[in-house]
Structures are given as structure tokens and as C-alpha cells.
Amino acid sequence: MTLGLDSVIDHTALGLSNDDLIDLYRKMLLARKLDERMWALNRQGRVPFVVSSSGHEATQVGAAAAIDPSKDWSMPYYRDVAYVLAAGMSAEDVFAGVFAKESDPSSGGRQMPNHWSEPELNIFTQGSVIGVQYPQACGVAYELQRSGSDAVVVVDGGEGSTSEGDWHEAMNFAGIHKLPVIFLIQNNLYAISVPAVEELAGTIADRAIGYGMPGVVVDGNNVLAVYGAMAAAVERARAGDGPTLIEAKTYRYYAHTSDDDDKLYRSREEVELWRRKDPIPNFKQYLVEQRILSEKLEQEIEAEIIGEIADAVKATESSPDPSDAYSHVFKREIVPTEPVTSVEPELEGASGNLIEALNKSMHDLMADHDDMIVFGEDVADPKGGVFKATKGLTEAFGEDRSFNTPIAEALVIGVGIGTAATGTMTLAEIQFADFIQPGFDQIVSEAARTHYRSNGRWSLPLTIRTPYGGGIHGALYHSQSIEAFYAHVPGLKIVIPSTPADAYGLLRSALEDPDPVMYLEPKKLYRLAKGPMPPAGHSVPLGKAALRRAGNDLTIIAYGTMAHFAVEAADVLGERGIDATVLDLRSLKPLDWPSIEAAVQRTSKVLIVHEDNRFLGYGAEVAAQIAEKSFEWLDAPPVRYTAPDVPSFPFAASLENQLFPTVDGIVEHAEKLHRF
Ligand SMILES: Cc1ncc(C[n+]2csc(CCOP(=O)(O)OP(=O)(O)O)c2C)c(N)n1
């Protein structure tokens with residue numbers, strides 16, 4: 001379907017009053033004049049970097065005019081100056097970002113200009129990564145739909161973003177669930193310098209058919225055409241009929257950003273041609289012809305806008321610079337202070353294994369928290385997860401609270417970001433840690449930074465569960481350890497349980513924490529680790545290691561499967577007259593430094609064990625901290641015993657056995673360390 005291309009749209013048929021039309025005109029003009037001022041400030045050397053929306057005003061203002069920002073959500077992108085102005089942000093808000101000031105509502109000067117965020121207007125924070133907003137929009141839309149609201153989500157981007165996998169994954173998911181989301185693609189024919197012919201096969205709008213939704217092409221330089229298409233899509237979404245893809249054909253008049261030189265890839269004739277289709281003079285002409293806009297009113301509007309912009313520049317340019325670069329890494333910063341000094345007594349209770357404890361933890365959590373949701377590949381009943389961790393949740397809590405996703409890991413995490421952004425306690429499962437990497441971007445660039453980049457205004461109660469690790473003949477793609485990749489990232493918390501009680505209790509703490517937590521499950525222990533099942537509500541604090549054995553000769557620091565091996569090794573060492581402490585970290589981030597320090601001070605020798613490979617593994621950080629902070633307590637250098645630097649564990653037992661750390665190996669390394 002094509003709407004408005006080179007045709008005149010009758011505004012009365014759209015239900016727009018004369019005042020509405022003047023408002024559209026005013027917003028378009030405000031965006032244009034603001035853009036011109038931004039660009040001039042850049043050329044004067046007063047601001048380092050700007051991105052403009054000039055040329056896109058009809059698309060953006062027409063789109064924003066069709067939603068109700070008091071309930072609808074927007075997931076805009078960097079070119080959306082006119083969109084956010086039309087959705088309720090002020091010129092001052094925009095300039096506060098351009099000047100990177102404390103008062104910048106989007107990020108308090110932490111992000112480049114145009115990285116919008118305003119919780120009051122349901123504008124979710126965005127970073128710079130192209131395309132990641134689409135799965136997140138699906139998460140928000142999922143929650144709006146589940147809550148019975150008739151609110152919708154508008155998510156948009158340039159045509160370049162439709163080449164990203166995230167876009168396709170999101171379109172698919174939106175189609176499956178008939179989500180109330182509108183995908184607005186602003187097709188300006190270039191992704192920086194790459195012309196449409198080199199980036200797009202076929203037509204963007206036509207792709208919608210394959211994802212079970214209508215695709216509409218609209219003249220993006222005609223504000224009434226865009227408004228009409230958007231209003232229809234919004235109505236459809238509110239009625240529960242699902243998503244729509246709108247491709248708005250438009251053009252940007254300035255270079256990609258103030259750092260770009262578009263003369264290299266676009267002819268001046270081409271730009272001139274599109275200037276003749278400028279959405280603002282064309283709309284003005286329509287309003288004049290319809291006798292809606294008089295010359296006097298036009299002058300009044302322009303003067304008002306010029307004044308508004310001048311005031312905004314004046315108010316922001318000299319306003320305070322941001323001063324605190326450290327705050328808001330986490331919503332709840334956890335700084336362990338008390339060392340663990342004794343071995344915890346075992347809980348009373350019937351014995352169970354780790355996977356049963358996990359399952360019970362999820363059942364109890366979902367019973368306690370009405371809003372909690374769980375999803376991932378094969379998560380729903382009847383299968384209840386490939387390891388049965390989520391068994392029974394769909395039956396007990398309904399298919400909207402425990403559901404399957406397509407095989408699309410970026411989507412799984414992105415949806416989780418969106419559901420968590422609405423405040424929903426969210427548990428996303430990645431079937432195997434080996435397959436989490438497509439979601440790396442969503443975890444590292446998005447989830448981990450959401451709180452920081454929004455200056456503390458958005459937070460994500462999101463936990464990501466995933467089975468990891470080897471020793472189970474899982475070969476190269478079902479055995480990997482991933483903790484070191486993610487432990488490196490500020491903004492993430494990481495836990496690894498090794499007992500049923502900890503599996504239960506750490507999961508509760510992870511879910512009840514307001515920040516993103518990665519919950520890594522040593523799958524070798526699923527059925528191997530047995531112990532008392534904890535009572536309902538049992539929780540284990542984040543940032544607290546467990547002392548599994550207290551000895552005076554040396555300390556073995558481990559986690560996951562290796563924590564069990566370390567206890568077994570310590571028993572052997574005990575028989576040989578070496579009295580070892582075993583510290584099970586449980587929480588890799590935050591790290592329980594006080595407990596490590598106390599153990600180092602008691603034993604003066606430390607062996608760190610993990611099944612991940614060695615180079616820049618988690619043990620490197622622990623060893624470095626011990627060397628830096630406790631050097632004077634040491635009688636020997638901290639030693640690591642790990643898998644070697646080989647790409648994970650091969651399938652053949654004879655090969656895996658060569659690489660996977662063993663109890664004997666721990667004993668051997670400990671004895672050598674003891675002799676030092
Ligand atoms: C994942 C990713 N790859 C590359 C970039 C660098 N980059 C920033 S904008 C851009 C072009 C985007 O073009 P399009 O989506 O068509 O939007 P437009 O700028 O034309 O509005 C690129 C490649 C990025 N930010 N993110």
C-alpha cells in the first residue's frame with residue numbers, strides 16, 4: 001500500500017482541526033530552526049558534534065502527533081530531533097544535550113547529543129548501536145499487551161537499521177505475538193555514505209508480509225500522509241490487531257553528522273532536487289491555500305520559535321557542567337565489607353539436586369511476585385527447558401508469564417531489556433552459554449549501560465540465566481565458560497551457584513536486585529550437586545562468598561564445579577597433612593574481597609582454580625588484586641590452575657580429560673604451592 005506519494009491529503013478526513021495543523025507546522029518549523037542553530041553552533045566551534053533531522057520533519061512530527069505520550073512509548077533514534085520535540089521534549093532539553101550539561105534530561109551529558117531519554121514521556125534511553133532498540137520495543141510492547149493496556153510503542157530508525165539482525169528478529173517476534181508496536185523506518189536513501197542500492201534488497205515495506213504484518217510506504221515529506229498512516233497503525237495496535245511497518249520515504253538535507261562530508265557521496269543536484277520537496281514550505285503552502293495560515297500568524301510563529309531557541313541556548317550554554325562521572329553504574333551498589341569467617345551450617349531439609357532447587361526457586365519467586373516473567377527457547381511447558389529447569393511454570397502461572405521465544409538470542413535479551421524497562425521482574429533464559437554471543441551486544445552495550453547512560457533515570461530488574469561449563473562431553477559448543485567476558489563489563493553483576501541451596505537463594509537475590517544480573521549455572525552440577533532444599537524465600541546475598549572449609553596452610557579459591565573439586569582436593573590434602581581453606585566465590589561481581597583478604601591473611605598462599613581457559617581468565621583478576629593489595633601477607637605468588645588456552649573441551653573423553661581440571665590436578669598444584 002502506498003500513501004500520499006505525490007498526492008494531496010485532505011486533512012479533514014484525518015480528523016485534524018485547524019489548530020492541530022498549525023501545531024504540526026509549528027513543531028516542524030521549531031525542529032528546522034533548532035537544527036540550523038545547532039549546526040551553526042557547531043561551525044562556530046561552540047559545540048563539538050551535532051546530528052540533524054532537517055528534511056525528516058514531516059515524518060517525525062507526523063508520527064509523534066499520532067501517539068499519546070502520557071501512555072504510549074517511544075524508542076527513537078539519534079536523528080529524531082523533530083520527533084522528540086513533537087513528543088514533548090523542549091528546545092532547552094535538546095540544547096542541554098548539545099552542550100552536554102548537567103541539566104540534560106537524557107543522560108546528564110554522558111552521551112553524545114541526540115541520545116534521547118525521558119521517562120516522564122515514556123521515551124526509553126538509547127545508545128549509539130544501530131538496531132538494538134527494536135527487540136527492546138517488543139519487550140515493552142509485550143508488557144503493555146500483557147497488562148491489558150491499549151498503549152502502543154513507536155520504534156524507529158533509518159533504513160540502514162533494517163539490515164541488522166535485531167530488526168528482523170524483532171519483526172518476527174512482533175508478528176508472532178501481534179504486539180502493539182509500530183516500526184517506523186525513515187528511509188532517507190543513505191546509511192552514512194552507502195546508497196540504498198548497496199544496502200537494500202527489495203523493498204523494506206514488502207518485508208512486513210513475511211513477518212505477518214502490514215507494510216505501508218508513505219511520502220515522508222508529507223506530514224499529513226505520515227500522520228494518516230501512523231494514526232491507522234496506532235488504531236490497529238490499540239484494537240489488538242498487532243504491529244505495522246511504515247516506511248517513510250524522505251531525505252536528509254545536512255550531512256550524516258557534523259563530522260561527515262556528504263559532498264563525497266551525493267551530488268549537489270540531487271540535494272537540490274529533494275530541497276524542492278522540502279516538507280515545511282510545501283505544508284505551509286497547503287495551509288495558506290486552505291486559508292489556515294495567515295502571513296501574520298506565520299510571522300508570529302516564526303518569531304516565537306526564534307525566541308524560544310535563543311532562550312534555550314542562553315539558558316543551557318552557561319549552565320553547570322556535569323561533575324560526577326562515577327555515579328549510577330548500578331542502581332544498587334553492593335560493596336562487601338564483612339569477611340566470611342566460618343563454614344555455614346548445612347540447612348535442614350529434604351535433599352535435592354541443583355536443577356530441582358532452581359526449579360523450586362522459580363516457582364516460589366513467581367508465586368511471590370505477580371509480575372515476574374520467564375522466557376527463552378523451549379522454556380514453556382510441556383518441555384519446560386532442555387534441562388527441565390523451568391518445568392511447570394507455564395502450567396502454574398500461565399503462558400503469558402512463562403513462554404517460548406524463537407531461536408534469536410539478541411531478541412531474548414532485547415525483549416528482556418524492554419520488559420524490565422517497564423518495571424517487570426524479568427528472567428530471560430539463554431539455553432546454553434555457548435550461544436549467548438549473539439546477545440552480547442544487548443547485554444554489554446545495552447543492559448549493562450542503561451542505568452549509567454540515562455544518568456540513573458532508567459534501571460533494569462533483569463536476570464539472565466544460562467547453563468555453562470564443561471566436563472560433560474558437551475564438546476566445543478556446549479562446554480564454554482563465559483564469565484570472564486562479562487565480568488569485564490561495568491554495570492553487570494555475575495553469580496555462579498555450586499549448591500542447591502545457593503542456586504535457590506542466589507536466584508532470588510538476583511531477581512530481587514534492581515540491576516542486570518548474569519546467573520551462570522554449572523551444568524555439570526545440575527544433577528551431581530545434591531544437598532538440602534532450602535525453605536521457601538531463602539536468599540543468599542550477592543557479593544558474599546562461602547567458606548566451604550577453613551584451614552591454615554593455604555587457600556583454594558574457586559566457583560561452580562571447581563568449588564566441589566576444591567573441597568574434594570582439600571580432603572585429600574588434609575590426609576596428607578596440608579590444611580586448606582576453600583573459598584567458593586559464588587558472586588564474581590561484586591567480588592567478596594574482604595573474604596579473600598581474610599583467607600590470604602590466614603594462609604599466605606593462594607591457589608585459584610577455574611575451568612575457563614587461563615589467559616585473562618577470571619583468576620587473573622583475583623591474582624592481580626591479591627598481589628596488589630595483600631602482597632605483604634603472601635609467602636608465595638598467587639598461583640592459577642585452569643584449563644589451558646585451547647578452544648573449549650573436545651568431544652572425545654580421551655581429549656576432554658587432557659584439558660578439564662581435575663581433583664588430582666588441584667592437589668598437585670596445592671602441594672607444590674605448599675612446598676614453596
Ligand atoms: C551497529 C552499528 N554499526 C555501525 C554504526 C555506525 N553508524 C552510525 S549511523 C550509521 C548509518 C545509519 O544509517 P540509517 O540507519 O539509514 O540512519 P540515518 O543516519 O540515515 O538516519 C552507521 C553505519 C553504529 N552506530 N552501530
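Keep in mind it's a predicted model, so treat the numbers as computed, not measured. All values below were derived from every heavy atom in this structure, side-chain atoms included, with hydrogens, water molecules and symmetry-related copies excluded. Residue numbers count from 1 along this sequence. Counting convention: from 1, in listed order, for ligands and their atoms alike.
Within a 6.0 Å radius of OH in Y477, no more than 12 heavy atoms belonging to other residues, nucleotides or ligands are found.
Note that K493 lies in the cation-pi zone of F330, set by a 6.0 Å cut-off to the ring centre and a 45° limit from the axis.
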- Message: Please evaluate residues D321 and K101 with respect to the criterion salt bridge (Lys or Arg N to Asp or Glu O under 4.0 Å), reporting the C-alpha separation (whole Å), side-chain torsions for both, the decisive distance (0.1 Å), and the verdict.
- Response: CA-CA 5 Å; D321 290 327; K101 295 297 184 176; 2.8 Å; yes
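Qualifying salt bridge (charged side-chain N to carboxylate O under 4.0 Å, His left out) partners for E118, counting only residues two or more places apart in sequence or in other chains: R457.
The contact shell of ligand 1, taken as protein residues with any non-hydrogen atom closer than 4.0 angstrom, comprises Y77, Y78, R79, S128, V129, I130, G158, E159, G160, S161, E164, N188, Y190, A191, I192, H256.
Salt bridge annotation for R26-E308: present, with a cationic side-chain nitrogen under 4.0 angstrom from a carboxylate oxygen. Using a 4.0 Å cut-off between charged nitrogen and carboxylate oxygen, E302 and K33 count as a salt-bridge pair.
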